Amino acid sequence: MNNLYLLAEQATNTNSQNSVGALISTALPLVLLIALMYFMLIRPQRKKQKEEEKMRNEMQVGDEIITVGGIYGRVVSIKDDSLVIESSGERSKIQITKTAVATNLTVHDATPESK
């Protein structure tokens, strides 16, 4: 009777070990795929968004910009979330949001000049 009990207990331990091993072998590729997607897609996108936000916050009056729609202009005034840009030879003024700025063509020095 004791031998049957020991055999049943060993079989239960073996089945539970097999199920844990099967769970790990099934879940491990999924975890690796999620980690790979984070490092290949999500992390670089967040870094790019932070750089764009920094560029938009550091804009100054007089900067040459290109909007998302392809309009070239010069910043005339800056408010909280909007800009007024001057475009074309007739000096047309357009009010846009800061998020509409795609590129700042003006390069600023990293260190401010002391006067």
Side-chain angles (χ1 to χ4, degrees):
M1 187 74 158
N2 286 338
N3 289 339
L4 285 174
Y5 178 73
L6 290 174
L7 287 174
E9 188 176 318
Q10 286 176 350
T12 304
N13 288 341
T14 305
N15 286 340
S16 66
Q17 288 174 354
N18 287 341
S19 65
V20 170
L23 180 64
I24 290 173
S25 67
T26 303
L28 186 63
L30 182 62
V31 170
L32 290 175
L33 181 65
I34 291 170
L36 181 67
M37 285 179 59
Y38 174 77
F39 284 107
M40 296 295 288
L41 300 173
I42 298 169
R43 190 171 177 222
Q45 182 65 29
R46 284 187 182 171
K47 184 177 179 183
K48 183 178 176 184
Q49 285 175 345
K50 285 182 182 180
E51 289 173 357
E52 288 175 352
E53 186 68 27
K54 181 180 175 189
M55 179 265 305
R56 290 179 180 129
N57 288 333
E58 292 178 350
M59 272 192 296
Q60 300 173 359
V61 173
D63 286 355
E64 296 283 331
I65 63 165
I66 302 174
T67 66
V68 175
I71 299 172
Y72 285 74
R74 180 182 309 257
V75 178
V76 176
S77 69
I78 300 174
K79 295 182 183 172
D80 292 333
D81 292 331
S82 65
L83 307 168
V84 175
I85 63 170
E86 189 175 79
S87 178
S88 76
E90 292 87 37
R91 299 186 180 243
S92 303
K93 291 188 172 128
I94 304 169
Q95 184 174 4
I96 62 171
T97 62
K98 281 187 176 181
T99 56
V101 177
T103 308
N104 187 349
L105 300 174
T106 307
V107 178
H108 296 284
D109 293 334
T111 57
E113 295 180 15
S114 58
K115 294 183 179 181

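Excluded from the calculations below are hydrogen atoms, water molecules and symmetry mates; all remaining heavy atoms, backbone and side chain alike, are included. Throughout, numbering of the chain's residues begins at 1 and tracks the sequence. These figures come from a predicted structure and were not determined experimentally.
Atom OG1 of Thr103 and atom CD of Glu52 lie 8.5 Å apart (nearest 0.5 Å). Taken to the nearest 0.5 Å, the OH atom of Tyr72 stands 9.5 Å off from the OG1 atom of Thr67. Note: Asn104 CG to Lys54 NZ = 12.5 Å, rounded to the nearest 0.5 Å. The structure places CZ of Arg74 at 7.5 Å from OG1 of Thr106, a figure rounded to the nearest 0.5 Å. The line from OG of Ser82 to CD1 of Ile96 is 9.0 Å long, rounded to the nearest 0.5 Å.
Criterion: ILVMFWY side-chain heavy atoms under 4.5 Å apart, direct or through other members. Under it, Ile65 and Met55 are part of a common hydrophobic cluster.
Within a 6.0 Å sphere centred on CG of Asp81, heavy atoms belonging to other residues, nucleotides or ligands number 12 at most.
Pairing each heavy atom of Leu83 with each of Met59, the nearest pair is CD1-CE, 3.6 Å. Of all heavy-atom pairs between Val61 and Ile78, the closest is N-CD1, 3.9 Å. Residues Ser87 and Ile94 come closest through the heavy atom pair CB-CD1, 4.3 Å. Residues Val76 and Ile85 come closest through the heavy atom pair CG2-C, 4.1 Å.
Within the structure, the salt bridge (charged side-chain N to carboxylate O under 4.0 Å, His left out) test picks out the following pairs touching residues 88-102 (sequence neighbours left out): Glu86-Arg91.
Residues Gln49 and Glu53 have side chains not in contact (no heavy-atom distance under 4.5 Å, counting atoms from C-beta outward).
Contacts of Ile24 classified as side-chain contact (heavy atoms from CB on, under 4.5 Å), with partners at least two apart in sequence or in another chain: Val20.
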Under the side-chain contact (heavy atoms from CB on, under 4.5 Å) criterion, do Gln60 and Asp63 qualify, and how do the steps go? CA-CA 6 Å; Gln60 300 173 359; Asp63 286 355; 4.1 Å; yes
